[in-house]
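Just so it is clear, the structure is predicted and the values come from calculations on it, not from any experiment. Just so it is clear, the values below take in all heavy atoms, side chains as well, and ignore hydrogens, waters and symmetry mates.
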Amino acid sequence: MPELPEVEIVRLSLNKKIKQKKVKKVLIRNKNLRFRVPPNLSNFLKNQKIVKVNRFSKYIILQLSNKGYCLIHLGMSGTIHLILKNKKNFFTNTSFYNSPVLPKKHNHIEIIFKDLKVVYNDPRRFGFFKLIKNSAKLRQFFSYYGPEPFSKTFNISYLKSKLNNKSKNIKNYLLDQKFVSGIGNIYTSEILFHSKINPQKESGKLKKKDYKKIIYYSKKVLNKAIKKGGSSIRDFKNTSGNKGGFQKEFKVYDRVGLNCKRFKCKGIIKKKNITNRSTFFCDNCQK
DNA sequence: AAGAGGCCCTGATAGC
DNA sequence: TGCTATCAGGGCCTCT
């Protein structure tokens with residue numbers, strides 16, 4: 001569900017609320033997530049101060065005072081809710097697609113501080129928690145991931161080295177976190193539209209100018225999405241104020257059958273399943 | 001070895 | 001109203 005921009009929005013608000021605060025206790029209400037919740041999660045976090053809330057790719061990283069890290073991945077449906085303790089039922093929404101009240105079901109984990117608690121909710125259970133002992137292990141864990149689009153490493157020679165002679169289509173590469181990390185199914189469609197590249201295009205056939213566009217628009221689209229507060233595509237009705245605004249900027253995603261938004265293009269947006277993920281594009285201007 | 005497809009899970013919505 | 005089918009923003013695993 002959440003891609004890099006959405007995770008960044010959650011990180012920002014989480015950092016604002018829990019930075020420098022000490023964890024009093026952790027409740028594991030339901031340990032079944034994508035991977036079983038680490039059994040030592042409570043002990044690992046208890047009495048630790050949250051030095052800072054960081055992010056890499058789609059991971060939220062709680063940096064702890066014991067030099068350890070707690071990674072949170074939201075999967076498809078994970079949301080984080082902040083509950084202030086002292087005011088009865090007062091609720092602050094840190095993740096923009098959820099409802100203004102704490103859901104009744106699927107609250108898996110509660111991280112409790114003196115004056116508030118952080119609740120992790122995940123109906124589909126594709127998210128997970130992971131504990132990491134120190135910064136060396138953290139680096140090691142992320143070394144299997146490709147660079148973020150913002151990284152200097154995500155450059156023309158990198159793309160050339162990875163894509164040259166490859167038959168796999170470019171859409172699948174952009175979704176592949178080992179190639180570039182943080183881009184998901186929505187932003188892949190959007191980035192390729194801006195780049196005027198057909199998602200089914202064989203990666204090995206891309207030219208240098210295509211690499212340039214992919215690099216440029218990856219940054220541009222993600223940055224703009226962050227600026228707009230991310231994308232909210234479901235739960236429109238019951239969000240109150242913390243909803244993202246980037247869905248209004250979608251050029252192709254969820255626009256099947258509608259007119260292409262590119263100036264003077266007469267195309268109609270198509271939807272096609274590419275390796276089981278719906279993909280939106282204009283076959284008139286994306287070649 | 002690269003690449004395609006299945007699968008994990010619940011909930012919302014569409015169609016009958 | 002109530003059933004069934006389809007689809008959803010991720011990513012790991014298996015098979016060819």
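Applying the side chain to side chain donor-acceptor pair (under 3.5 Å) rule to S157(A) yields the partners N155(A); only residues at least two apart in sequence or on another chain are considered. Remark: K22(A) pairs with no residue by the salt bridge (charged side-chain N to carboxylate O under 4.0 Å, His left out) rule, at least two apart or across chains. K21(A) pairs by the side chain to side chain donor-acceptor pair (under 3.5 Å) definition with D115(A), not counting sequence neighbours. Residues that satisfy the side chain to side chain donor-acceptor pair (under 3.5 Å) test with E202(A), not counting sequence neighbours, are absent from this structure. By the side chain to side chain donor-acceptor pair (under 3.5 Å) test, D122(A) is found to be paired with S77(A), Y120(A), residues two or more places apart in sequence or in another chain being considered.
We find that CG of L175(A) is positioned 13 Å from P of dA8(C), with the value rounded to whole Å. Counting to the nearest Å, the C1' atom of dA8(C) and the CZ atom of F250(A) are 13 Å from each other. One interatomic measurement links the two molecules: CZ of R277(A) to C1' of dT6(C), which rounds to 15 Å at whole-angstrom precision. Atom pair N165(A):CG and dG3(B):C1' shows a separation of 16 Å (rounding to whole Å applied). In this structure, D122(A) places its CG atom 13 Å from P of dG11(C), rounding to the nearest Å. Atoms OH (Y144(A)) and P (dC13(C)) sit 13 Å apart, rounded to a whole Å. The separation between D254(A) atom CG and dA14(B) atom C1' is 15 Å, rounded to whole Å. Atoms CZ (F142(A)) and P (dG11(C)) sit 11 Å apart, rounded to a whole Å.
N172(A) comes within 4.0 angstrom of the backbone, heavy atoms only, and of no base. In this structure, Y59(A) reaches neither bases nor backbone, as no heavy-atom distance under 4.0 Å exists between it and the strands shown.
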Self-check item: Secondary-structure notation, DNA chain C, from Watson-Crick and G-U pairs under 3.5 angstrom (| other strand)
Solution: .|||||||.|||||||
Distance-only criterion, 3.5 Å: show the donor-acceptor pairs between side-chain atoms of residues 36-51 of chain A and protein atoms not counting sequence neighbours.
{"unit_1": "S42(A)", "atom_1": "OG", "unit_2": "V26(A)", "atom_2": "O", "d": "3.3"}
{"unit_1": "Q48(A)", "atom_1": "OE1", "unit_2": "S65(A)", "atom_2": "OG", "d": "3.0"}
{"unit_1": "Q48(A)", "atom_1": "OE1", "unit_2": "N66(A)", "atom_2": "N", "d": "2.9"}

Mind listing the side-chain donor-acceptor pairs of residues 123-144 of chain A below 3.5 Å, one per line with the distance, residues two or more places apart or on another chain?
{"unit_1": "N134(A)", "atom_1": "OD1", "unit_2": "A136(A)", "atom_2": "N", "d": "3.1"}
{"unit_1": "N134(A)", "atom_1": "OD1", "unit_2": "K137(A)", "atom_2": "N", "d": "2.9"}
{"unit_1": "S143(A)", "atom_1": "OG", "unit_2": "Q140(A)", "atom_2": "O", "d": "2.6"}

Below 3.5 Å is the cut-off: list the nitrogen or oxygen pairs between protein and nucleotides 9-11 of chain B, distance only.
{"unit_1": "dC9(B)", "atom_1": "O2", "unit_2": "R124(A)", "atom_2": "NE", "d": "3.0"}
{"unit_1": "dT10(B)", "atom_1": "OP1", "unit_2": "R125(A)", "atom_2": "NH2", "d": "3.4"}
{"unit_1": "dT10(B)", "atom_1": "O4'", "unit_2": "P123(A)", "atom_2": "O", "d": "3.3"}
{"unit_1": "dT10(B)", "atom_1": "O3'", "unit_2": "H106(A)", "atom_2": "NE2", "d": "2.9"}
{"unit_1": "dG11(B)", "atom_1": "OP1", "unit_2": "K105(A)", "atom_2": "NZ", "d": "3.1"}
{"unit_1": "dG11(B)", "atom_1": "OP1", "unit_2": "H106(A)", "atom_2": "NE2", "d": "2.5"}

Listed pairs, N/O of protein and of nucleotides 5-7 of chain B, under 3.5 Å:
none

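With a 6.0 Å cutoff to the six-membered ring centre and a 45° limit on the axis angle, R262(A) counts as a cation-pi contact of F193(A).
Checked against dG10(C), dG3(B), dG11(C), the side chain of Q177(A) finds its nearest nucleotide in dG11(C). Nearest nucleotide to the side chain of Y253(A), out of dC12(C), dA8(C), dG3(B): dA8(C).
S77(A) has no side-chain polar atom (N or O) that falls below the 4.0 Å cut-off from OP1 or OP2 of dA8(C). In this structure, K166(A) does not reach the dG3(B) phosphate: none of its side-chain N or O atoms is under 4.0 Å from OP1 or OP2. Distances shorter than 4.0 Å separate none of the side-chain N or O atoms of K178(A) from OP1 or OP2 on dG11(C). OP1 or OP2 of dA8(C) lies within a sub-4.0 Å distance of a side-chain N or O belonging to K271(A).
Separation of the P atoms belonging to dT6(C) and dG6(B) is 14 Å when rounded to the nearest angstrom. Between the P atoms of dG11(C) and dA1(B), the separation comes to 24 Å (whole Å).
The pair K201(A)-D210(A) does not count as a salt bridge, with every side-chain nitrogen at least 4.0 angstrom from each carboxylate oxygen.
The local environment of NZ in K220(A) is sparse, with at most 12 non-hydrogen atoms from other residues, nucleotides or ligands closer than 6.0 Å. In N165(A), the CG atom is not crowded: 12 or fewer heavy atoms of neighbouring residues, nucleotides or ligands sit closer than 6.0 Å.
The list of ring pair (Phe, Tyr, Trp, His ring centres under 6.0 Å) pairs with a residue in residues 258-287 of chain A, not counting sequence neighbours, reads Y253(A)-F280(A). Judged as a ring pair (Phe, Tyr, Trp, His ring centres under 6.0 Å), the pairs with a partner in residues 202-223 of chain A (not counting sequence neighbours) are, in order, H194(A)-Y217(A).
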